[in-house]
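By convention here, the first residue in the shown sequence is residue 1.
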Amino acid sequence: MRLGELIALVHQLDPNLKMAFDTTPMAPISGMSASEGRLLLHAATQTPLTVERFRQHANRFNQQLIVFESSGKRLYGFRQSKQWLLFK
């Protein structure tokens with residue numbers, strides 16, 4: 001999935017959804033960075049990104065970047081669960 005595609009897909013979602021990785025336990029996404037053609041989503045103990053904050057920050061990056069977890073795992077999709085947007 002490329003960043004531009006992800007932005008288009010989440011455009012219609014509730015801006016207050018919190019973002020996390022779909023793991024057990026859930027790992028909240030708190031930031032993002034770009035490196036070598038990749039957009040890296042970072043998990044940390046900080047406040048999770050919301051869809052609204054993600055959209056604001058994502059516009060600063062190249063829309064052709066491929067979306068990865070910061071550990072190097074490529075992300076192919078997401079699902080919504082209650083107040084969360086979970087990436088897998």
Side-chain angles (χ1 to χ4, degrees):
M1 162 174 37
R2 296 195 183 277
L3 176 58
E5 296 167 330
L6 178 56
I7 292 170
L9 290 169
V10 301
H11 180 71
Q12 298 297 322
L13 297 177
D14 180 351
N16 295 312
L17 286 174
K18 295 177 271 182
M19 299 173 64
F21 295 115
D22 195 359
T23 58
T24 305
M26 228 180 351
I29 296 170
S30 60
M32 60 183 122
S33 62
S35 176
E36 300 176 8
R38 298 176 176 188
L39 178 77
L40 304 174
L41 298 178
H42 303 280
T45 58
Q46 300 172 3
T47 305
L49 281 175
T50 61
V51 167
E52 179 179 22
R53 285 184 47 225
F54 168 78
R55 289 189 296 217
Q56 292 169 352
H57 295 300
N59 289 325
R60 300 183 307 193
F61 294 99
N62 179 334
Q63 304 296 293
Q64 295 303 312
L65 294 173
I66 298 173
V67 182
F68 282 81
E69 186 176 338
S70 60
S71 67
K73 179 181 172 187
R74 186 171 176 180
L75 299 173
Y76 289 96
F78 57 85
R79 67 183 179 92
Q80 184 178 342
S81 176
K82 300 181 184 176
Q83 304 172 353
W84 292 89
L85 185 63
L86 301 172
F87 286 83
K88 45 187 170 171

Starting from the C-alpha separation in whole Å, work towards a yes-or-no answer on side chain to side chain contact (heavy atoms under 4.5 Å, CB included) for Ile29 and Leu41. CA-CA 6 Å; Ile29 296 170; Leu41 298 178; 4.0 Å; yes
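- When only modelled atom types and interatomic distance are considered, Ser30 and His42 share no side-chain donor-acceptor pair under 3.5 Å.
- Glu69 contributes atom CD, which lies 14.0 Å from atom CZ of Arg74 (distance to the nearest 0.5 angstrom).
- Residues Leu86 and Ile7 do not share a hydrophobic cluster, clusters being chains of Ile/Leu/Val/Met/Phe/Trp/Tyr side chains in contact below 4.5 Å.
- Residue Phe61 holds its CZ atom at 6.5 Å from OG of Ser33, rounded to the nearest 0.5 Å.
- Arg55 and Leu13 get closest at one heavy-atom pair: NH1-O, 3.9 Å.
- Within the structure, the side chain to side chain donor-acceptor pair (under 3.5 Å) test picks out the following pairs touching residues 79-88 (sequence neighbours left out): Lys18-Gln83, Asp22-Arg79.
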Side chain to side chain contact (heavy atoms under 4.5 Å, CB included) for Tyr76 and Val67? Distances and angles first, verdict last. CA-CA 8 Å; Tyr76 289 96; Val67 182; over 6 Å; no
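- What you find for Val10 and Val51 is that their closest heavy atoms are O-CG1, 3.9 Å.
- For the residue pair Ala20 and Pro28, the shortest heavy atom distance occurs at CB-CA, 3.7 Å.
- Here the CZ atom belonging to Arg38 is positioned 15.0 Å from the CG atom belonging to Leu3, to the nearest 0.5 angstrom.
- Interatomic distance, CG of Leu85 versus CZ of Phe78, reported as 5.5 Å (0.5 Å rounding).
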Step by step, would you call Gln63 with Arg2 a side chain to side chain contact (heavy atoms under 4.5 Å, CB included)? CA-CA 7 Å; Gln63 304 296 293; Arg2 296 195 183 277; over 6 Å; no
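- Ring centroid separation for the pair Phe87 and Phe21 does not come in under the 6.0 Å cut-off.
- The two residues Ser70 and Leu40 make their nearest non-hydrogen contact at CA-CB, 4.2 Å.
- Partner of Leu39 under the side chain to side chain contact (heavy atoms under 4.5 Å, CB included) criterion, chosen from Ile66, Leu75, Leu65: Leu65.
- No path of Ile, Leu, Val, Met, Phe, Trp and Tyr side chains, each step under 4.5 Å between heavy atoms, connects Phe68 with Leu9, placing them in separate hydrophobic clusters.
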